[in-house]
Amino acid sequence: MKEGSESFNFIEQIVEQDLAAGMPKEQLRFRFPPEPNGYLHIGHAASICLNFGLGERYNAPVNLRFDDTNPSKEEQEYVDAIKRDIEWLGFKWATECYSSDYFQQLYDWAVQLIKDGKAYVDKQSAEAMAEQKGTPTSPGVESPHRNQSVEENLDLFERMKAGEFEPGTHILRAKIDMASPNMLMRDPLLYRIVKKAHHRTGNDWCIYPMYDYTHGQSDYLESISHSICTLEFKSHRELYDWFLDQIADPNNLRPKQREFARRNLSYTVMSKRKLLELVQTKTVAGWDDPRMPTISGLRRRGYTPDSIRKFSEASGITKRDSVTDVALLEYCIREDLNKNATRVMGVLDPVKLVITNYPEGKTEMLVADNNPEIEGSGTHEVPFSGELYIEKEDFKESAGSKFFRLSIGKEVRLKNAYIIKGESVVKDEKGNITEIHCTCDLDSRSGSGTEASERKVKGTLHWVSIPHAVKAEIREYDRLFLDEAPDSHADKNFMEFVNPNSLNIIKEAYVEPFLQNAKLDDKFQFQRLGYFTLDKEASNDHLIFNKTVGLKDSWAKQQPKADQAKSNQPAAQQNQNQQQRSAINEIQKISKKYTNLSGDKLATARASIMNLAEGVEYEELQPLFNTAAKKVGTRIGVMISLGVLLKKGLIRNSEIDAFIEAGLQDKDEMLVEEAKRINLE
RNA sequence: UGCCCGAUGGUGUAAUUGGCAACACGUCUGUUUUUGGUACAGAAGAGUCUAGGUUCGAGACCUAGUCGGGCAACCA
């Protein structure tokens, strides 16, 4: 829950305004209304956190309402998954509701609309009606059935309900305005015939209400005070209100629809239709594939409820469309797991390390902290021996001083164990390293308190003792799409951007025996590698870990830079350019606040600009002549710099004259003064 | 050619409702470190889409424009 001092998002502001206008706090009631036709995703989490967050903040009930008006798409499986996900996120709904609970009431109201002359049964084809609807720029024409008698409409609607007609032959429409600039007001559909069993009402009905006719009324029936949905429903608001005008009792609470922007995440897609396509095309293994942005996918991947709630809060609620960087999501999960994950060791890409001076056949149990971030989190034992696995990339035969890992002749610390020194390597006939031989400082055991154990060495490696190693499968995931916004291209289908290497399975990784007892939902940090969690497919004799997210890796970031430095021959020249650029930039920076300065500070600023202007070319200064009129400070800075250049011998031209003239005409006195000064000199 | 939204550092959001543009992520420096993680300290990066207007004062208000999004499913 938020602190009182934090700012309100615009939805919270609306609630605050309603409260300030006299709405009793007890009347506040919210709802989260998923359609059970797919799994919840991280975008829904925004809505869930918003609605349930509002409920927590104002101590108001929040209903979970399944918007189940279309039996051809909806299934019980989805209802169950949605409930599981919301509970997992840590939210409690007040009442579990279904739009289908209101079918009878909705039907009765429809009959009333017909009696009031505000609805009619149309028998035209979908195509004919679409044509009559017109376009956003031209009005529609009225249906030939629009003015049928009430009796005929009542009879037809009754027979629709009785199952006398086939799907597509008859529908019930509201009679509103075929010329409305809002397409949704052009006699929208209220009921259609669907001869399919409904997951809750079975075969009781063969006519089903449309979303627009259902949603507002459901809100009304549940006394929802604020009905929050996404932006694409903005134009539905007029219809939402029209229906309430027809049926609502003014003595009852009238729900209010408000809209916010959907959340998009970079490098993924968010629509249920597209996620379904990924599932159906077997691009992913299912709705809960750890690469999916679904709540269940993220959970299986190792995300925690806290991290997702934190992410939702950090992303905010607005009305503008945007793409949130996955880096923020990853930050949220790292932050949580850093604090809470148990530290262990595992080697993903093993190479054998032999300690030549360690007593042959000896084994000892060493002590490892469970979590250095939590005081009192305890320790566990790690077996050590003379033959270990270490990570292949942690060894180089010879390396520069920036490589803090193992190489011949160099010392590193084995985490929780000894300091070792690289001595030699054994290679196969192809030249691949098969064994690394090293010696070990037997006095340097971690925690032994000896002087040697306190020695500082540059690097620390993780390891696993070969005789004790437990084999495990590791699944590493990369972004599912190679494009930042895969569904934003008009000319390309999002499926074209699927990353072919989004899943990397390591069959033979080795982990410390402590992990033999890992349970589902346990969170681990494989030290120096990342965060891992047991996958649901794992068994006692076949451990499978999902990599949730890697640790931040500033070493990996350095690598490309090192390569770059080598290839960058004209580095000096580039440096010079940068300096030149920074002179003009520096002038701009000082100028920005120029008009806020006075006295000594002003004089200093002016002197600095003049000084910097010595190193500026006319070509750099000229574009700034177009600086917007209101950016007076920048124009003053440019004027001063121009004075310096002219003094140095720059020839006046028409551009310069125009800029000075404009300065003389300006209403800012400082600017006028600078312009005059140039003319005097 | 209509109607409705929106536009603030690279990204996502703030700005106490008209008073020196802030926070987070990301990036870059440094310190600490038995995780090249964490923590800590610091830096760079925006004149708030453009042009006018109102005002002592505009990111905010007004007008016009530009750009982006939504609106013509028997989907929700």
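Side chains are part of it too, since the values below use all heavy atoms of this structure and drop only hydrogens, waters and symmetry mates. Values in this document were obtained by computation on a predicted structure and should not be read as measured data.
Within the 4.0 Å cut-off from OP1 or OP2 of B:rC75, at least one side-chain nitrogen or oxygen of A:R192 is found. Considering only side-chain N and O atoms, A:K557 lies under 4.0 angstrom from the phosphate OP1 or OP2 of B:rC28.
The same atom, P, is picked in B:rA24 and in B:rU38; the two are 16 Å apart, to the nearest Å. A distance of about 29 Å separates the P atoms of B:rC3 and B:rG12, rounded to the whole Å. Between B:rC4 and B:rA72, the two C1' atoms lie 15 Å apart (nearest whole Å). Between the C1' atoms of B:rA44 and B:rG30, the separation comes to 15 Å (whole Å). Using C1' as the reference atom, B:rC67 and B:rU48 are 16 Å apart when rounded to the nearest Å. Nucleotides B:rU34 and B:rU27, compared at atom C1', are 29 Å apart to the nearest Å. If you take atom P in B:rA21 and the same atom in B:rC25, they sit 22 Å apart, rounded to whole Å.
Among the atoms of the strands shown, none is found under 4.0 Å from any heavy atom of A:N182. Heavy atoms of A:N37 sit nowhere under 4.0 angstrom from any nucleic acid atom. Within 4.0 Å of A:L461, counting heavy atoms only, lies no atom of the nucleic acid at all.
Taking every side-chain heavy atom of A:T135 into account, B:rA72 is the closest of B:rA72, B:rA24, B:rG37. Between B:rG36, B:rC5, B:rA72, one nucleotide has an atom nearer to the side chain of A:L231 than all others, and that is B:rC5. Among the nucleotides B:rA14, B:rC25, B:rG12, the one closest to any side-chain atom of A:Y331 is B:rC25. Proximity note for A:A327 (side chain, C-beta onward) versus B:rG26, B:rG37, B:rA14: the nearest is B:rG26.
B:rA76 has no stacking from A:Y211 on its base ring, since the centres under 5.5 angstrom apart and planes within 30 degrees of parallel are not both found. B:rG36 has its base stacked against the ring of A:F404, the centroids being under 5.5 angstrom apart at an interplanar angle below 30°.
Aromatic rings from A:Y240 and A:F233 are positioned such that their centres are separated by 6.0 Å or more. Checked against the 6.0 Å centroid criterion, the rings of A:F524 and A:Y531 do not qualify as a close aromatic pair.
A donor-acceptor pair is defined here as one N or O able to donate and one able to accept, closer than 3.5 Å; no such pair exists between the side chain of A:Y191 and the backbone of A:M160.
With hydrogens and angles ignored, a donor-acceptor pair under 3.5 angstrom links the side chain of A:E373 to the base of B:rG37. Side-chain to base pairing of A:R334 with B:rU38: no donor and acceptor N or O lie closer than 3.5 Å to each other. For A:R320 and B:rG68, a side-chain-to-base donor-acceptor distance below 3.5 Å is absent, hydrogens and geometry of angles not being considered. Residue A:R528 places no side-chain atom within donor-acceptor reach of the base of B:rU35, judged by atom type and a 3.5 Å distance cut-off alone.
Applying the 90° cutoff around 0 to the glycosidic angle, B:rU13 is assigned anti.
Taken from OG in A:S444 to CD in A:E411, the straight-line distance is 8.0 Å, to the nearest 0.5 Å.
For the residue pair A:T135 and A:S138, a side-chain donor N or O sits within less than 3.5 Å of a side-chain acceptor on the partner.
For the pair A:K272 and A:Y39, the NZ or CZ position fails the cation-pi test of under 6.0 Å to the six-membered ring centre and within 45 degrees of the ring normal.
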